[in-house]
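What follows is a single structure, written as structure tokens, with notes after it.
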Amino acid sequence: MSRTDNTELIRAFRLYKIDQMIREKRYPTARDLAIATNSSLRTIARDLGYLSDRYKIFIDCLPNGGYFYHEEDENRFSLEVFFPITQGELFAIGLIEPLLAQYRNTPLEKDLNSLFNKIVQAFPHDVTIDTALPVSNISFISESTSKIDREVFTSIMSAVLEKKEIIFDYQPLQKTTSMNRRLNPYHIVCQRGNWYVLGYCHDKEEVRVFNFSRIKNIKIEDIGFEFPKDFKLENYFDPAVGIWLSSKEKMNIKLQFDASVGTFASEHIWHPKQIITQNKDGSVVVEFETTQIPEVKRWVLGQGRTVKVLEPPELIQQIKEELKDSLAQY
């Protein structure tokens with residue numbers, strides 16, 4: 001929304017509030033209206049003049065300065081507030097609720113839904129918005145996520161903002177028991193609906209990543225920390241690919257997609273710095289650099305026979321071993 005449109009939208013809400021207070025016979029003064037709409041007395045004077053001129057009504061005031069409509073005018077007109085929202089912006093508003101799915105099972109889900117409902121309720125009751133874009137005809141399929149304890153979520157958020165150490169019990173994927181950890185939480189990442197905290201682990205004496213859903217019994221310590229001067233976030237994860245701490249050195253990834261999925265491969269954004277080459281036989285080669293080998297491995301295995309790894313040799317070997325182990329299951 002442009003700055004001009006935003007100003008008009010704010011005025012529309014302000015006019016509705018002024019009309020509501022007068023119509024409900026609260027006999028508000030200019031000061032009352034200014035406080036209720038968080039605006040100046042000069043702005044209120046302009047708004048009252050606009051209402052009077054636009055709807056040809058007489059706004060009278062009591063000796064104490066309280067405003068009221070003459071009865072005939074009050075019954076004669078109905079305030080129609082037109083919101084200068086484009087069709088695209090209206091469509092975006094309708095998509096907010098389903099897009100909140102990525103925050104499902106987190107404490108933010110309740111707060112964001114509450115915020116969205118407040119935005120919706122802020123629209124005047126006598127305003128009807130008609131659109132040719134039925135949002136109800138659109139569905140979102142989100143990846144399943146694990147439930148996160150509210151205390152864990154809020155504690156990590158607070159610790160990151162306040163730069164305070166945290167201690168907690170953590171259960172790794174490969175184990176059935178938990179272990180105690182002390183962490184300097186540097187950064188929070190949400191990847192496909194799953195939440196992670198990246199920081200310096202005192203027990204392992206290195207930067208590690210921990211999944212929110214596997215953290216229990218968290219406590220914020222009254223001990224502050226400072227970021228290492230040589231700390232660079234890009235050394236630990238690639239925002240375009242994933243958060244695996246597999247390597248600090250980037251590797252050149254080269255994938256060849258079969259002609260049967262050539263269109264898909266060429267249209268898909270695998271990485272912002274990708275290089276795509278279309279071969280004469282219809283196959284497509286995608287190249288990019290990343291440290292996230294485990295995540296690329298997941299991509300490749302998900303594509304099955306339609307993709308072949310050309311580089312690096314390390315990834316080729318990992319794919320072979322994974323396929324061999326998978327076949328052994330059958």
Side-chain angles (χ1 to χ4, degrees), residues 102 105 141-146 148 170-176 186-199 201 204 206-215 232-279 281-330:
Q102 65 179 310
N105 295 328
I141 300 176
S142 303
E143 291 197 31
S144 59
T145 58
S146 301
I148 299 173
Y170 191 73
Q171 183 176 342
L173 277 176
Q174 303 86 353
K175 297 185 178 181
T176 58
Y186 292 161
H187 193 78
I188 295 171
V189 180
C190 179
Q191 179 180 353
R192 289 190 299 277
N194 291 298
W195 292 77
Y196 304 87
V197 57
L198 178 149
C201 177
K204 296 297 183 181
E206 63 180 356
V207 174
R208 289 287 185 97
V209 172
F210 298 89
N211 190 313
F212 277 34
S213 64
R214 297 200 291 275
I215 293 176
K232 292 182 179 179
L233 196 59
E234 58 269 26
N235 289 340
Y236 297 95
F237 78 99
D238 184 345
V241 183
I243 192 175
W244 294 87
L245 292 180
S246 55
S247 172
K248 289 187 179 181
E249 295 184 5
K250 292 183 178 180
M251 291 189 180
N252 185 61
I253 306 297
K254 193 171 184 178
L255 310 175
Q256 179 171 304
F257 289 83
D258 188 79
S260 61
V261 293
T263 301
F264 162 72
S266 59
E267 290 179 344
H268 191 82
I269 300 177
W270 302 96
H271 196 278
K273 297 182 179 180
Q274 66 189 22
I275 298 175
I276 295 180
T277 304
Q278 185 90 41
N279 296 325
D281 62 358
S283 62
V284 173
V285 175
V286 178
E287 294 182 68
F288 57 89
E289 286 189 337
T290 186
T291 60
Q292 304 298 298
I293 298 301
E295 191 65 18
V296 176
K297 174 184 171 182
R298 188 183 74 87
W299 286 357
V300 171
L301 292 171
Q303 299 304 316
R305 66 173 185 80
T306 61
V307 63
K308 178 181 179 181
V309 178
L310 302 181
E311 295 180 13
E314 297 94 327
L315 180 56
I316 294 175
Q317 185 59 34
Q318 288 184 33
I319 294 294
K320 288 181 177 180
E321 292 175 357
E322 188 72 28
L323 292 174
K324 180 180 178 180
D325 291 341
S326 295
L327 285 173
Q329 297 288 341
Y330 300 93

Problem - Test log, rule side chain to side chain contact (heavy atoms under 4.5 Å, CB included), inputs S213 and N194 - result: CA-CA 8 Å; S213 64; N194 291 298; 5.9 Å; no
Problem - Least distance between heavy atoms, S266 atom then I276 atom - result: O-CD1, 3.5 Å
Handout entry: Separation of K250 NZ from T290 OG1 (nearest 0.5 Å)
Key = 7.5 Å
Fill in the blank from the handout: To the nearest 0.5 Å, atom CD of E287 lies from atom CD of Q274 at 11.0 Å
Practice task
For residues I253 and P312, determine if any side-chain heavy atom of one lies less than 4.5 Å from a side-chain heavy atom of the other.
Solution key: yes
Exercise for the section: Write down the atom of F212, the atom of V197, and the distance for their closest heavy-atom approach. Expected result: CE1-N, 3.6 Å
Practice task
Please report the closest heavy-atom contact between F257 and W270, naming both atoms and the distance.
Solution key: CZ-CZ2, 3.4 Å
Completion exercise
F210 meets the ring pair (Phe, Tyr, Trp, His ring centres under 6.0 Å) criterion, sequence neighbours left out, with F168, Y170
Problem - L310 and L255: CA distance, side-chain angles, deciding distance, side chain to side chain contact (heavy atoms under 4.5 Å, CB included) verdict - result: CA-CA 6 Å; L310 302 181; L255 310 175; over 6 Å; no
Practice task
To the nearest 0.5 angstrom, please state how far the CD1 atom of I316 sits from the CD atom of E311.
Solution key: 7.5 Å
Exercise for the section: Starting at NZ of K254, measure out to CG of L315 and round the result to the nearest 0.5 Å. Expected result: 14.0 Å
Practice task
Of all the heavy-atom pairs spanning Q256 and V285, show the shortest one and how long it is.
Solution key: OE1-CG2, 4.1 Å
Handout entry: Any donor-acceptor N or O pair under 3.5 Å, side chains E321, Q317
Key = yes
Practice task
Give me the ring orientation class for H271 and F288: parallel if the planes are under 30° apart, tilted from 30 to 60°, perpendicular past 60°.
Solution key: parallel
Handout entry: Exercise: identify the closest heavy-atom pair between V300 and V307
Key = O-CG1, 3.5 Å
Exercise for the section: Evaluate whether atom NZ of K308 has more than 12 neighbouring non-hydrogen atoms of other residues, nucleotides or ligands under 6.0 angstrom away. Expected result: no
Practice task
Please test I293 against Q318 for side chain to side chain contact (heavy atoms under 4.5 Å, CB included), starting from the C-alpha separation and ending with a verdict.
Solution key: CA-CA 10 Å; I293 298 301; Q318 288 184 33; 4.0 Å; yes
Practice task
Please report the shortest heavy-atom distance between T306 and V261, naming the atom on each side.
Solution key: CB-CG2, 3.8 Å
Exercise for the section: Show your working on side chain to side chain contact (heavy atoms under 4.5 Å, CB included) between L323 and L301 and close with a plain yes or no. Expected result: CA-CA 8 Å; L323 292 174; L301 292 171; 3.9 Å; yes
